[in-house]
Amino acid sequence: MNILTLIIFAPVLFGIIIMVLPSNWRASFKYITLLATLVQLGMSVWIYLNFKTGASFGGANHEAQFQFMQKLPWINLDLGPIGKMQIEYFVGIDGISIALLVMTSFVLVIAAIASWEIKGNLKGYFVLFLILDMAVTGVFCSLDFFLFYIFYELMLLPLYFLIGMWGGARREFAAMKFFLYTLFGSVFMLLVMVGLYLSVKDPATGNHTFNMIQMMNPANFEHGSIFSVLSHQTVFGFPARAVGFVVLFVAFAIKVPVVPFHTWLPDAHVEAPTPVSIILAGILLKVGGYGIIRICVGIFPEIAQAHAYWLGLLGVISIVYGALNALAQKDLKRMIAYSSVSHMGFVLLGIASLTTEGLSGAVMQMVSHGFLSTMLFFLAGVVYSRVHDRGINHFRGLATIMPAYTSFVMIAFFASLGLPGFSAFIGEAFSLVGAFRSNSVNGELPYWMAACASLGILLGASYFLWTLQRMFFGKVNLKGGAVWQTALTDLNLREKIALVPLTLIVLAIGLMPSLVFDKTNDSVLAFIHFLQFK
């Protein structure tokens, strides 16, 4: 069996085991889930180590960049004289996918460890967790748009219940808001997906296809079809391809999230349990960035280039707006949530540059933010699990009573604000280089965008350092007094086991960015080559 198929569906097998076990075995559910994520991580590391790079493995050929591919007939419906409906189970990864796949597998291990704090209805929780695991992994491996859409939609259901049943006081509102926001984009994505299917033909069979690699080749669009590159068809008076790009972009921008589609994120993070917040920030936001690269820009490159200015502007607005909001927050989790809006803005800015440096920086920023946001939300959950409070102004002098915890917080904060030597510095620096270079390469992004984006780094240092100063230094002063001081014990072994590898990874990537760039470089070069070719 193909290893990508194994890595996608292995969590389901473990979920079935949990389902059939009696409830009095509930203590074992967390260990089974952790084992599932560790097996998945082991397979993703094996794929990473065996992923081939170099000009001999594709060069400028975009399709040849994909490896570990498996293509099986899935739905074949005979439509008579007009041919057959061709839907395939088609999976494969390139350099962009492998970086996000390894990051996803690692984040899921940390989320499983964080799930030790869940106490109620363990069977339902861990089964939903493993279904969500399958869905997010499947998104990064799918090369058939129909299959991609199924995994994309499948993420909604477990997340809705994980927030709505195990979240905080306003969990129902947060779960509903998240569900409706994401579903809004997905419904219209379905219409564009159908339009693309009816526009693209597989040159080998002559049938319409959902194959995303075929959709990236303008030669495969049927002459006169609604999304044909040469078509002059319009939707409500606007060019059809522009409408298709905008609809898909909005669907993925909600996930990123890009301002003004971000308002679901703070509520979802505040009310979600710690492991779900980790998955939301560490993985779900990357699904949006990945979708913009793979589908929006990959299928509609000329629209992306024509409107790169507006994409870059949205990225800059997200960077500055998210940072200013983070600076104003009094809830630790909400502050981290708004910092995610700011940091993901660098991803959109890098993509909008349409340069090798910018796209490489965007992928690096997604990988870096996946690890760092996981670390930040795990640390926020440590305090909340002890005193059930996250008010930044309710704590002071934590360094005195929780020295090990403070050490990891300082590492996470300094790494997140872009200190050289850590992964975030590489991602943000390359995104900015791409934005600057874009002006001389294609003239789409003015220099002031990169300059304004740099302001986000300064603001990031402000809210992280101010939070550090208020919560951790000075004389001990806790809202809960002596009761809190007794409850706020330092990190236990389980928490250290989760935090130490995260620290080492963000440091390793910061010092040796080739760990990511060596895998992504061929695919990024091929991607940029085909954008220019089109």
Side-chain angles (χ1 to χ4, degrees), residues 113-120 163 166-174 265-278 280-281 322-342 372-414 416-417 459-496 498-499:
I113 295 174
S115 297
W116 254 243
E117 302 295 337
I118 302 297
K119 303 300 180 184
I163 297 172
W166 287 273
R170 300 174 69 244
R171 56 186 180 270
E172 292 90 352
F173 168 78
L265 183 69
D267 291 318
H269 273 311
V270 168
E271 301 304 330
T274 297
V276 178
S277 288
I278 287 172
L280 277 173
L324 289 173
N325 271 277
L327 196 59
Q329 299 309 310
K330 296 181 179 179
D331 183 288
L332 181 59
K333 233 182 175 186
R334 190 174 284 269
M335 184 273 285
I336 298 171
Y338 275 110
S339 77
S340 294
V341 175
S342 181
L372 284 172
S373 62
T374 296
M375 193 173 182
L376 289 168
F377 278 109
F378 188 94
L379 288 164
V382 167
V383 168
Y384 187 78
S385 67
R386 285 156 171 72
V387 296
H388 299 288
D389 196 297
R390 294 183 301 264
I392 294 173
N393 296 326
H394 298 166
F395 300 88
R396 190 166 182 83
L398 285 179
T400 303
I401 57 179
M402 302 177 72
Y405 176 74
T406 304
S407 299
F408 282 106
V409 169
M410 291 178 65
I411 292 170
F413 279 13
F414 280 110
S416 297
L417 61 84
L459 291 171
S462 300
Y463 59 74
F464 278 124
L465 293 178
W466 192 29
T467 301
L468 194 66
Q469 184 269 329
R470 284 182 289 172
M471 290 186 68
F472 295 91
F473 300 120
K475 185 179 179 180
V476 175
N477 184 14
L478 306 173
K479 179 184 177 183
V483 175
W484 276 23
Q485 189 160 348
T486 303
L488 286 168
T489 56
D490 213 346
L491 295 173
N492 57 40
L493 179 61
R494 174 183 63 86
E495 292 161 345
K496 290 178 181 177
L499 291 168

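Each residue takes its place number in the sequence, starting with 1.
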Indicate every side-chain donor-acceptor pair of residues 323-330 with a distance under 3.5 Å to a residue at least two apart or in another chain.
unit_1 : atom_1 : unit_2 : atom_2 : d
N325   : ND2    : Y321   : O      : 3.0
Q329   : NE2    : N325   : O      : 2.9

For A412 against S416, the heavy-atom pair lying closest together: O-OG, 2.8 Å

Residue pair P273 / I118: nearest heavy atoms and the distance that separates them: CB-CD1, 4.0 Å

Qualifying residues under side chain to side chain contact (heavy atoms under 4.5 Å, CB included), relative to R170, sequence neighbours excluded: F173, D267, E271

Pairwise distance CG(L265) to OG(S340) - rounded to 0.5 angstrom: 6.5 Å

Closest non-hydrogen atom pair between V476 and G397, with its separation: CG2-O, 3.5 Å

Main-chain N/O of V270 paired to R390 side chain as donor or acceptor, under 3.5 Å: yes

Flag, side chain of E117 to backbone of A114, donor-acceptor distance under 3.5 Å: no

All ring pair (Phe, Tyr, Trp, His ring centres under 6.0 Å) counterparts of Y384, not counting sequence neighbours: H388

Short side-chain to backbone donor-acceptor contact, K479 and W484, under 3.5 Å: no

With sequence neighbours excluded, residues passing ring pair (Phe, Tyr, Trp, His ring centres under 6.0 Å) with F413: F464

Audit row: F395, V387, side-chain contact (heavy atoms from CB on, under 4.5 Å) steps and yes/no: CA-CA 11 Å; F395 300 88; V387 296; 3.8 Å; yes

Heavy-atom donor-acceptor pair, S342 side chain to Y338 backbone, under 3.5 Å: no

Non-hydrogen side-chain atoms of L280 and H269 separated by less than 4.5 Å: yes

Verdict with reasoning, T274 to S385, per side-chain contact (heavy atoms from CB on, under 4.5 Å): CA-CA 9 Å; T274 297; S385 67; over 6 Å; no

pair W466-I392: side-chain heavy atoms closer than 4.5 Å: no

Expected output: side-chain R494 to main-chain I113 donor-acceptor under 3.5 Å: yes

Heavy-atom closest contact (R334 atom, P266 atom, distance): NH1-CB, 3.4 Å

CA sep, side-chain torsions, deciding dist, call: L491, L499, side-chain contact (heavy atoms from CB on, under 4.5 Å): CA-CA 10 Å; L491 295 173; L499 291 168; 3.8 Å; yes

Validation row: L465, Q469 side chains within 4.5 angstrom (heavy atoms): no

Within-4.5 Å side-chain heavy-atom neighbours: L488 and L478: yes

Partner residues of R396 under the salt bridge (Lys or Arg N to Asp or Glu O under 4.0 Å) criterion, sequence neighbours left out: none

Point-to-point distance, once rounded to the nearest 0.5 Å, from CG of L468 to CZ of F473: 4.5 Å

Ring pair (Phe, Tyr, Trp, His ring centres under 6.0 Å) partners for Y463, two or more places apart: none

Min side-chain heavy-atom separation N477-K475 under 4.5 Å: no

Nearest-0.5 Å distance that lies between atom CZ in F378 and atom CD1 in I278: 6.5 Å

Minimum-distance pair of heavy atoms, taken over all atoms of A380 and K333: CB-CG, 4.5 Å

Atom pair OG1/CD1 of T406 and I411 - distance to nearest 0.5 Å: 11.0 Å

Backbone N/O of I401 and side chain of D490: donor-acceptor pair under 3.5 Å: no

Reported CD1-to-OG distance for the pair I163 and S277, which is rounded to 0.5 angstrom: 7.5 Å

Sidechain-backbone polar pair: W166 side chain, G120 backbone, donor-acceptor under 3.5 Å: yes

L332 and M471, any side-chain heavy atoms less than 4.5 Å apart: yes

